[in-house]
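Notes to accompany the following structure.
Along the sequence shown, the residues carry numbers beginning at 1.
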Amino acid sequence: MSDTPVVIWEDEVRDLLTYSALVPRLEEALGLFSMRDSAEVIQPVRTTVALQKHRGFLGLMPAYMENLGVLSTKLVCFYNREAGSNLPATNATMLLLDPEYGNVKAVIDGEVITSMRTAAVSAISAKLLMRPEAEVLAILGTGIQALSHYNVFTEMFSFKEVRVWSRSKERAKRFRDSVRGPVTLCVSAEEAVRGADAIVTVTRSTEPVLFGQWVKPGAHVAAVGACRPDWRELDDVLMKEAVVYADSREGAMAESGDVILSGAEVFAELGDVINGTKSAHREKTTVFKSLGMGVEDAVSAKLVFDQWKAKHSQP
C-alpha cells in the first residue's frame, strides 16, 4: 500500500483511455449492474447538493465492485449555465480507493472519463437498439459531450451523414472545425433530426428541444442532457410513443425529468438487454435515457489506473 495517491491529469487520461478498450468493460459493467447482485455491484443513486448561488449541483457517485476489487467515487459539479456562458457545464474528479485499506490510490481528472464513458454507453445503446442499416446521425448540441459522441459514433458505426445543430452558429462552426470527419450544420433542430436514424441530444436545455412529431419511426434516440427531475430535452409525444430504456431504472425515476414529467414507463435497462432478460426493440422508436452511473466511472477509472501502472512500470 502506498501512502501517496497517484495523480493523473487530463492530458494523460486522454492518452491512456480508448473507446476500443472502454466499450467492452462498460458493457460488462452494465450487465453486472442490472443483475442486482451485491457481490458484483453496490451503487446508490447519485446524491446531490444544490449550489443555488451558481445554479448548479454537486453530485456524489460512489460504487463498489467487490469481485473486481474496485472502490471509487466521483465528485461532479454540473450547472444550468446562462446562454452564451463560457463557464463549464460540468467539472469532475475521480477518486479510486483501496477497498481493503480505505486509502485513496489515485486522484484522476474526471472530465475525460465522464465525456468518454457517457458517449461510449450511448454508443452501446445504439449498438443494441439502433437499426443496423442506419445511415444518418443527428447531434443536438456542440459541447464536450457532443464531440465525444461524434467521435465514438463515427468510430463504431458507418454513417453516410452526420448532422449537427446548436443554438449558436459560432459554436456550431467551431464544432465542425474541431472534428476530423464531415459534418452538415443545420439551422434548426427539426432540420437536423427529420429523417435521422439515430439522434443524440447533448444540450444544456431544461425544456424540450426534440419533439416526437419530428422523429422518424424506428429511430433511436440517446438522450444525455437534462439530468434533473425538472429538466427536459424530449417532449411527451416522443417519450410516450417510444420504447424507453435507461442505464438505471432507479436513477431515471429519481433524476430524469424526461421520464418523470412525461409519465413514461422505463421498459428496461441496457444491462437487461445485455443479459438477455429484456428485448431490444430495434423495429420500434427507442429512447435511451442516460443519467450516468458510478459503476461506469469505476471501471473507467480502473482502466486508466491499470494503464498508468503498466506504462510507468516499464523499464
Review point. Using 30° and 60° as the class limits, which term best fits the ring planes of Phe157 and Phe153: parallel, tilted or perpendicular?
Key: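 Aromatic pair Phe157/Phe153 classed tilted.
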**Study point:** Candidates Arg228, Lys240, Lys289 - the one meeting salt bridge (charged side-chain N to carboxylate O under 4.0 Å, His left out) with Asp258
**Key:**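 Result: among Arg228, Lys240, Lys289, Lys289 is the only option passing the salt bridge (charged side-chain N to carboxylate O under 4.0 Å, His left out) with Asp258.
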Distance from [X] atom [atom1] to [Y] atom [atom2], nearest 0.5 Å?
X      : Y      : atom1 : atom2 : value
Arg204 : Thr90  : CZ    : OG1   : 9.0 Å
Arg232 : Ser205 : CZ    : OG    : 10.5 Å
Phe33  : Met65  : CZ    : CE    : 11.0 Å
Glu250 : Leu291 : CD    : CG    : 11.0 Å
Leu238 : Trp214 : CG    : CH2   : 11.0 Å
Met156 : Ile124 : CE    : CD1   : 6.5 Å

Check your understanding: So, for Ala280 and Val273, which heavy atoms are closest and what is the spacing to 0.1 Å?
Key -> CB-CG1, 3.8 Å
Practice item. List the atom of Ile139, the atom of Ala146, and the distance in Å for their closest heavy-atom pair. Key: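 Where Ile139 meets Ala146 most closely, the heavy atoms are CG2-CB, 3.9 Å.
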Are [X] and [Y] close enough that some pair of their side-chain heavy atoms sits under 4.5 Å apart?
X      : Y      : answer
Tyr245 : Ser125 : no
Lys105 : Val6   : no
Arg174 : Ser168 : no

Take a 6.0 Å sphere around [atom1] of [X] and say whether it holds more than 12 heavy atoms from other residues, nucleotides or ligands.
X      : atom1 : result
Arg180 : CZ    : no
Glu265 : CD    : no
Leu185 : CG    : yes

Review point. Would you say the side-chain atoms of Gln43 pair up with the backbone N or O of Gly294, donor to acceptor, closer than 3.5 Å?
Key: yes
Review point. Is it true that a side-chain atom of Arg55 and a backbone atom of Asn80 form a donor plus acceptor pair closer than 3.5 Å?
Key: yes
Exercise for review: If you link ILVMFWY side chains whenever their heavy atoms are less than 4.5 Å apart, which other residues fall into the same cluster as Val187? By chain and number, please.
Suggested key: none
**Study point:** Criterion side-chain contact (heavy atoms from CB on, under 4.5 Å) against Val304, the qualifying member of Ile113, Val299, Val112
**Key:** Ile113
Exercise for review: Can you spot which of Thr286, Asp197, Thr285 makes a side-chain hydrogen bond (donor to acceptor under 3.5 Å, both in side chains) with His220?
Suggested key: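 Option passing the side-chain hydrogen bond (donor to acceptor under 3.5 Å, both in side chains) with His220: Thr286.
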**Study point:** Partners meeting side chain to side chain donor-acceptor pair (under 3.5 Å) with Asp230 (sequence neighbours left out)
**Key:** none
Check your understanding: Salt bridge check: are Glu191 and Arg163 linked by an N-O gap of less than 4.0 Å?
Key -> no
Point to revise | Donor on one side chain, acceptor on other, Ser115 and Ser148, under 3.5 Å | key: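 Ser115 vs Ser148: no donor-acceptor pair found between side chains.
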